[in-house]
Visitor: 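Below is the structure I would like to discuss, written out as structure tokens.
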Amino acid sequence: MIQKYVYGSPFETGAVTEALEPASGSPKHGSISLNNGFHFTCEMEEEDIVYGLGEANRGINKRGFLYISNCSDDPNHTENKNSLYGAHNFIIVSGRETFGLFLDYPGAMRFDIGYTRQNRLEISCEDADLDLYVIDGDNAYDIVKQFRKIIGQSYIPPKFAFGFGQSRWGYTTEEDFKNVVKGYRENHIPIDMLYMDIDYMDNYKDFTVNKENFPDFKGFVDEMKAENIHLIPIIDAGVKIEEGYDIYEEGKEKGYFCKREDGSEFVAAVWPGWTHFPDVLNPDARAWFGSKYERLISQGIDGFWNDMNEPAIFCTPEGVDDLKSYFKDLLEKEDEVPGFLLNDKVIGLANNPDDYKRFYHEVNGKKIRHDKVHNLYGFNMTRAASEAFDKIVPDKRILMFSRSSYIGMHRYGGIWTGDNQSWWSHILLNLKIMPSLNMCGFLYTGADLGGFGSDTTRDLVLRWLALGVFTPLMRNHAALGTREQECYQFENIEDFRHVISVRYRLLPYLYSEYMKAALNDDMYFKPLAFEYPEDAMAKQVEDQLMIGNEIMIAPVYTQNAAGRYVYLPENMKFIKFLPDGNISEKELPKGHHYVEIALNEVSLFIRSGKNIPIVDAAECVEKIDMGTKQTIGYPDGEYALYEDDGICKGV
């Protein structure tokens with residue numbers, strides 16, 4: 001059962017698609033205070049587990065930390081970080097009393113989940129203007145399904161988007177991309193996508209291509225498609241201020257950029273230099289910006305990734321002026337030691353909270369200060385693209401995923417988890433964040449395999465790929481200046497070929513389970529406790545996940561480990577895809593086990609009485625031969641395979 005409570009004058013975010021009549025009175029769970037903003041408080045039992053919050057730090061169980069829903073451009077995802085790129089205000093308290101809460105509020109919101117007081121849940125925000133949805137159900141999984149019903153169906157990408165993709169910030173010319181294709185194809189490592197980071201553009205201008213490096217862009221796109229490679233360009237939030245750049249001139253003429261309080265266009269520095277931000281919360285501006293994707297679609301492009309859309313700000317003229325004044329005062333005081341304030345001043349230029357208070361959106365004829373609706377920017381940038389796709393190519397699926405998001409964006413695209421690092425701990429963070437994102441509707445998800453920042457290692461890439469085999473978005477991505485980490489750059493290339501080939505062998509199953517989850521408002525990744533709610537041990541396991549209804553995964557995420565310990569909530573078959581192409585199957589009884597998993601092996605567990613389909617490996621999704629289909633697991637099990645053309649909408 002879902003009840004909606006309305007406080008103050010909520011901003012219509014678009015997160016919820018189902019109309020619910022507001023309830024009267026107060027929710028039966030917790031207590032609410034409207035003094036000095038909004039405050040929800042309840043006492044938790046010792047055994048309560050708290051799920052949710054989508055793209056949030058730490059574990060599947062969110063107890064014991066302070067989380068702040070505030071879309072943040074921060075590449076250092078260490079344990080002390082309270083905010084990541086997404087804002088997903090949905091939680092479930094699961095225990096003696098089990099209930100869910102969705103707080104539809106587009107500004108910053110604090111979730112103190114046993115941080116200040118071990119057994120107290122406190123949720124607060126600055127303004128008491130929000131919709132609160134209270135969901136009661138039989139268990140946590142039931143609450144997720146109810147929530148998913150009211151927020152709308154998850155995005156469905158084209159089938160090629162379930163292949164493997166390679167990306168690197170620094171691919172600049174046609175030759176760079178051709179060399180990557182050559183490296184993969186000559187070594188027979190499967191691949192379907194190459195991602196184009198900011199260097200493909202003309203001076204970092206959205207919807208442009210550097211003509212010197214790509215003299216015949218459409219011809220190049222067609223050439224790549226002949227190799228069964230889809231090029232996926234990046235689109236950033238900031239539009240370069242440059243006379244003669246038609247998108248800048250159009251946006252300024254029509255008043256489609258975010259404004260300062262005095263009505264002038266807000267200015268911020270990002271990759272192109274000084275930019276304006278399209279006011280994507282304004283429906284007219286959103287439609288205008290979305291229409292520009294046609295420029296690349298007309299060149300044969302069928303996928304995009306939206307970036308820098310928190311929106312990220314390197315600095316503003318106001319911030320620079322403030323810094324100049326500080327240095328001027330400092331230089332006039334020759335003997336004064338600047339101390340820590342100097343670092344704070346320089347570092348604080350980027351994504352300064354004061355800058356987010358300096359610009360406004362126009363919504364229904366009203367000016368809304370950005371920080372009040374900050375978490376909706378990335379959502380509406382991606383919505384702009386998706387709504388445009390419906391007009392440009394109404395019957396065709398286009399790949400789309402974003403860095404920043406809010407609940408509701410899951411209907412328009414997927415997300416990747418942003419600028420992670422080449423750290424072993426980030427394999428585990430990747431694993432734990434997946435079911436939480438699924439709870440909030442985000443099914444097409446994945447992390448930068450091998451790590452984006454820092455220098456990776458061969459074993460780290462292999463172990464991370466073995467997890468990436470199962471994530472809907474499977475992409476290797478690295479930052480400029482880091483070690484090259486394309487799979488053919490390392491010794492014993494056959495190991496990489498094998499691990500990625502397993503993805504393609506499993507793709508009929510993985511695609512089926514994704515489609516079932518999307519079409520039925522269900523989850524693709526689930527915590528063990530969702531399938532085994534009476535199993536006390538299953539509730540404690542956070543480094544193993546269920547996929548669909550048939551399998552469990554337990555990736556290795558520790559350096560130099562020959563295997564790992566696993567807990568089986570029931571008898572299962574331990575499956576290993578061996579580097580010689582064979583498959584090892586061994587039934588293990590319910591309980592605790594140590595299993596050996598070599599660097600060049602991919603493992604999974606099949607539940608008792610279940611089986612799954614596999615096919616022969618192929619070098620791209622297009623060449624998968626369903627005529628080679630066989631099943632592995634328990635021979636008496638049945639499996640319902642979902643198939644479609646992977647291109648058309650209206651499934």
Side-chain angles (χ1 to χ4, degrees), residues 169-174 176-177 196-221 231-260 262-301 304-309 311-321 355 358-362 370 377 380-382 384-385 387-389 391-392 480:
W169 173 20
Y171 298 156
T172 302
T173 66
E174 283 189 12
D176 291 336
F177 289 94
M196 309 184 81
D197 212 317
I198 55 177
D199 295 303
Y200 81 91
M201 300 182 205
D202 175 16
N203 205 19
Y204 307 129
K205 291 181 289 191
D206 280 342
F207 309 111
T208 67
V209 175
N210 185 310
K211 291 182 179 178
E212 183 177 333
N213 293 334
F214 302 93
D216 177 11
F217 187 65
K218 187 178 188 307
F220 178 56
V221 173
L231 294 172
I232 315 297
I234 198 169
I235 303 294
D236 281 351
V239 171
K240 182 175 177 61
I241 298 171
E242 180 179 281
E243 297 298 328
Y245 173 33
D246 62 341
I247 293 179
Y248 159 70
E249 291 185 339
E250 275 182 35
K252 185 172 182 180
E253 178 191 350
K254 295 177 183 293
Y256 285 159
F257 295 126
C258 294
K259 304 287 196 301
R260 296 185 178 100
D262 65 6
S264 63
E265 281 83 7
F266 176 72
V267 177
V270 203
W271 294 116
W274 295 121
T275 68
H276 295 323
F277 292 139
D279 186 1
V280 289
L281 272 66
N282 175 341
D284 292 336
R286 185 165 65 241
W288 166 77
F289 187 76
S291 71
K292 302 308 176 186
Y293 286 81
E294 193 273 338
R295 296 188 176 190
L296 293 171
I297 291 174
S298 67
Q299 303 294 302
I301 292 298
F304 300 89
W305 47 309
N306 284 346
D307 194 16
M308 305 295 286
N309 55 356
I313 295 175
F314 293 169
C315 64
T316 62
E318 294 89 341
V320 172
D321 286 345
D355 287 331
R358 288 186 171 120
F359 68 101
Y360 290 76
H361 301 273
E362 183 180 320
H370 173 80
Y377 194 88
N380 280 279
M381 180 183 173
T382 298
E387 290 175 342
F389 300 158
K391 296 176 182 177
I392 299 164
L480 185 71

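Being a predicted model, the structure only gives us computed values, none of them experimental.
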Visitor: How many angstroms lie between atom CZ of F304 and atom CG of L231, to the nearest 0.5 angstrom?
Guide: 11.0 Å
Visitor: Measure across A388 and G290 and return the closest heavy-atom pair with its distance rounded to 0.1 Å.
Guide: CB-O, 3.1 Å
Visitor: Would K292 and V239 count as a side-chain contact (heavy atoms from CB on, under 4.5 Å) if you check the C-alpha gap in whole Å, the side-chain angles of each, and the deciding distance to 0.1 Å?
Guide: CA-CA 12 Å; K292 302 308 176 186; V239 171; over 6 Å; no
Visitor: Working note: E265 + K252, criterion side-chain contact (heavy atoms from CB on, under 4.5 Å); need CA distance, chi angles, decisive distance, verdict.
Guide: CA-CA 8 Å; E265 281 83 7; K252 185 172 182 180; 3.6 Å; yes
Visitor: Using distance alone, with no hydrogens and no angle criterion, decide if N306 and T382 have a side-chain donor and acceptor under 3.5 Å apart.
Guide: yes
Visitor: With side-chain contact (heavy atoms from CB on, under 4.5 Å) as the test, would you mind laying out the steps for C315 and W274 before giving the verdict?
Guide: CA-CA 9 Å; C315 64; W274 295 121; 4.1 Å; yes
Visitor: Are any non-hydrogen side-chain atoms of Y245 and D206 less than 4.5 angstrom apart?
Guide: yes
Visitor: Can you run down the side chain to side chain donor-acceptor pair (under 3.5 Å) pairs that involve residues 275-284, sequence neighbours left out, and say none if there aren't any?
Guide: D279-H361
Visitor: State which residues pass side chain to side chain contact (heavy atoms under 4.5 Å, CB included) with K218; sequence neighbours excluded, sorted by chain then number.
Guide: D216, D222, Q299
Visitor: With sequence neighbours excluded, what pairs up with F207 under the ring-ring contact (aromatic ring centres under 6.0 Å, His included) test?
Guide: F289, Y293
Visitor: Using side chain to side chain donor-acceptor pair (under 3.5 Å) as the criterion, list what pairs up with S298, not counting sequence neighbours.
Guide: none
Visitor: Test of understanding: with ring-ring contact (aromatic ring centres under 6.0 Å, His included), list the residues that count as partners of W169, not counting sequence neighbours.
Guide: W271
Visitor: Please name the pair of heavy atoms, one in P278 and one in A237, separated by the smallest distance, quoted to 0.1 Å.
Guide: CD-O, 3.0 Å
Visitor: Under a 3.5 Å distance rule, please check whether Y360 uses its side chain to pair with a backbone N or O of F266 as donor and acceptor.
Guide: no
Visitor: Just wondering, do Y377 and H370 contact through their side chains at under 4.5 Å, heavy atoms?
Guide: yes
Visitor: Hey, what do you get for CD (E362) to OH (Y256), rounding to the nearest 0.5 Å?
Guide: 10.0 Å
Visitor: Checking D176 side chain against T173 main chain: does a donor-acceptor pair fall under 3.5 Å?
Guide: yes
Visitor: Tell me which donor-acceptor pairs under 3.5 Å the side chains of residues 196-204 have, and how far apart each pair is, sequence neighbours excluded?
Guide:
unit_1 : atom_1 : unit_2 : atom_2 : d
D199   : OD2    : G170   : N      : 3.3
Y200   : OH     : I234   : O      : 2.7
D202   : OD2    : K205   : NZ     : 3.4

Visitor: Is a side-chain donor or acceptor of R260 paired with a backbone partner of F359 at a separation under 3.5 angstrom?
Guide: no
Visitor: Enter the distance from E387:CD to R286:CZ here, rounded to the nearest 0.5 Å.
Guide: 5.0 Å
Visitor: How long is the span from the CG atom in D355 to the CD1 atom in I313, to the nearest 0.5 Å?
Guide: 5.0 Å
Visitor: With side chains defined as the heavy atoms from C-beta onward, is the minimum distance between V209 and L296 less than 4.5 Å?
Guide: yes
Visitor: With a 3.5 Å distance limit and no angle check, can you tell me whether D236 reaches the backbone of G238 through a side-chain donor-acceptor pair?
Guide: no
Visitor: Does a side-chain heavy-atom distance below 4.5 Å link M381 with F277?
Guide: no
Visitor: Using atom types as modelled and distance alone, determine if a side-chain donor or acceptor of W288 lies under 3.5 Å from a backbone N or O of G251.
Guide: no
Visitor: Would you confirm whether E174, through its side chain, and F214, through its main-chain N or O, come within 3.5 Å as a donor-acceptor pair?
Guide: no
